[in-house]
Chemist: 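Attaching a single structure in structure tokens format; questions to follow.
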2 protein chains.
Amino acid sequence: MDTLFKNFIDYFSTNQQLTELTKAEICKHLSILNLDKKHVLIKENQRHDFAYFVIKGAARSYYLKDGVEINTWFALENDMLGSLQNFQDKPSRETMEVIENSTLISINLKQIKPLMFSNIEIANFINAIITDYALFLEDKVYFSQMMSSMDRYLILLDKEPELFQRIPLTYIASYIGISRETLSRLRAKKTL
Amino acid sequence: MDTLFKNFIDYFSTNQQLTELTKAEICKHLSILNLDKKHVLIKENQRHDFAYFVIKGAARSYYLKDGVEINTWFALENDMLGSLQNFQDKPSRETMEVIENSTLISINLKQIKPLMFSNIEIANFINAIITDYALFLEDKVYFSQMMSSMDRYLILLDKEPELFQRIPLTYIASYIGISRETLSRLRAKKTL
DNA sequence: CGAGGCCTTGACCGCGGTCAATGCCCGTGG
DNA sequence: CCACGGGCATTGACCGCGGTCAAGGCCTCG
């Protein structure tokens, strides 16, 4: 098995031991992609059969609000990127694109999904990914209501300092839920 | 099998056929509760082994922000109520309480969860519930960023008119993400 | 009849959005 | 090697949405 695939599989199988047979089965539906910055992976309002896992590089997910990009997620190394809507065979609400030259694993959802109903390990593997996502969304909702914009900035800075090295502040601002200008002012105020 | 249990099971098994054996297995970990208004089901910051499904009545989930209740979910008939954090064996961030005299199914998470790894139908049954929840959260995030407060009010009014008959506006306001007073003003403006 | 719960309305004000100008860094081409 | 342009961040001026505080109205229930 490709050692890169192994990383991905291990990452979402901390709650169960996968047999070699199952791992091999999953690998059949994975492949490696090398993509340049600005390559678009998933387009808004389109059905799409793949999700991705970042080996090296970075990607983002965003949608348009009145012509302005609102970023909803930045995937760095060992992060998943994909649309649950796509997994449900519905069109993605978001556009996803690579923002650094990157190496990704692509996961063929169309092929893997039916295996949930015949292979219990795969069912729980997928379940782990979805549960992870639900917990991420719960946090997102909670923090966006509970915290002031300054708090959200400071928490992100604390938990994901790498983002600030690699992602333009313009993108990060909309991720936190504020305008570019407001983020700039928060940063100025903080260092007083 | 109790016909009330059947409703619950059917509700989350539209994507697969469950054998009678599995249904019976699930039922072993369900029970019926009749509770009065104001009964607290789950307390903030506590571990808890149960999730709930509303047969008849209503319940809500909320947390405190600076001493003010922020409502995050209203469960009416055929809705789930519970904490994914609890399912992960962590303390719930939210308090959940019954707000009408209600009949609920309680689901013993501690007992059902391990079955995911031995019974594939149960794995997919639970997966359906979690996926449902993730999609709900996705919508919540999307609408809270994408829509103005007026839009959020109108959409909720359109999609869940029953809430407005059964839930105090004070609760609904924080669910939409605005103060009681602002909701009041939106309603006044709308009927001009 | 009085008290408490809930909703509404008014006055005030601060956070953060928009628009516009400026600064800074860096890559490209003359 | 320098000049120009584009991408990104910052700063200032302005203002509107929605939060807070406070008062008042209207049910319902004991």
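Below, read A as the first sequence line, B as the second, and so on, with proteins coming before strands; counting in each chain starts at 1.
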Chemist: Measure CD/A:E69 against P/D:dC8 and give the value in whole Å, please.
Modeler: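 Whole-Å distance recorded here is 10 Å.
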
Chemist: Whole Å only: how far is the CD1 atom of A:I176 from the C1' atom of D:dA9?
Modeler: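 It works out to 15 Å between those atoms.
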
Chemist: Is there a path of hydrophobic side-chain contacts, each under 4.5 Å between heavy atoms of I, L, V, M, F, W or Y residues, that connects A:L156 with A:I70?
Modeler: no

Chemist: Given the ring of A:Y153, does A:R187 sit roughly above its face, with NZ or CZ under 6.0 Å from the centre of the six-membered ring and within 45° of the axis?
Modeler: no

Chemist: Applying the 4.5 Å side-chain criterion to the ILVMFWY set and letting contacts propagate, would B:L163 and B:V54 be lumped into a single cluster?
Modeler: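 They do share one cluster, since a chain of ILVMFWY contacts under 4.5 Å joins B:L163 to B:V54.
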
Chemist: State yes or no: are the ring centers of A:F74 and A:Y62 separated by less than 6.0 Å?
Modeler: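 Centroid distance A:F74-A:Y62: not below 6.0 Å, so no.
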
Chemist: Side-chain heavy atoms nearer than 4.5 Å, only ILVMFWY residues, links allowed to pass through others: does that put A:I126 and B:I120 together?
Modeler: no

Chemist: Sugar-phosphate means primed atoms, P, OP1 and OP2; the rest is base. With that split, encode nucleotides 15-22 of chain C 5' to 3' as B, S or - using protein heavy atoms under 4.0 Å.
Modeler: -SSBBB--

Chemist: For DNA chain C, which residues of residues 160-170 of chain B approach it to below 4.0 angstrom with any heavy atom?
Modeler: B:P168, B:L169, B:T170

Chemist: Does B:R187 place a side-chain N or O at less than 4.0 Å from the phosphate oxygens OP1/OP2 of C:dC7?
Modeler: no

Chemist: Give the C-alpha distance, both sets of side-chain angles, the deciding distance and a yes or no for side-chain hydrogen bond (donor to acceptor under 3.5 Å, both in side chains) between A:T72 and A:E94.
Modeler: CA-CA 9 Å; A:T72 59; A:E94 293 161 39; 2.7 Å; yes

Chemist: OH of A:Y171 versus C1' of D:dA9: gap in Å, rounded?
Modeler: 14 Å

Chemist: So is A:R93 actually on top of B:Y142's ring, under 6.0 Å and inside 45° of the axis?
Modeler: yes

Chemist: Excluding sequence neighbours, so at least two apart, what forms side chain to side chain donor-acceptor pair (under 3.5 Å) with B:Q145?
Modeler: A:Y63

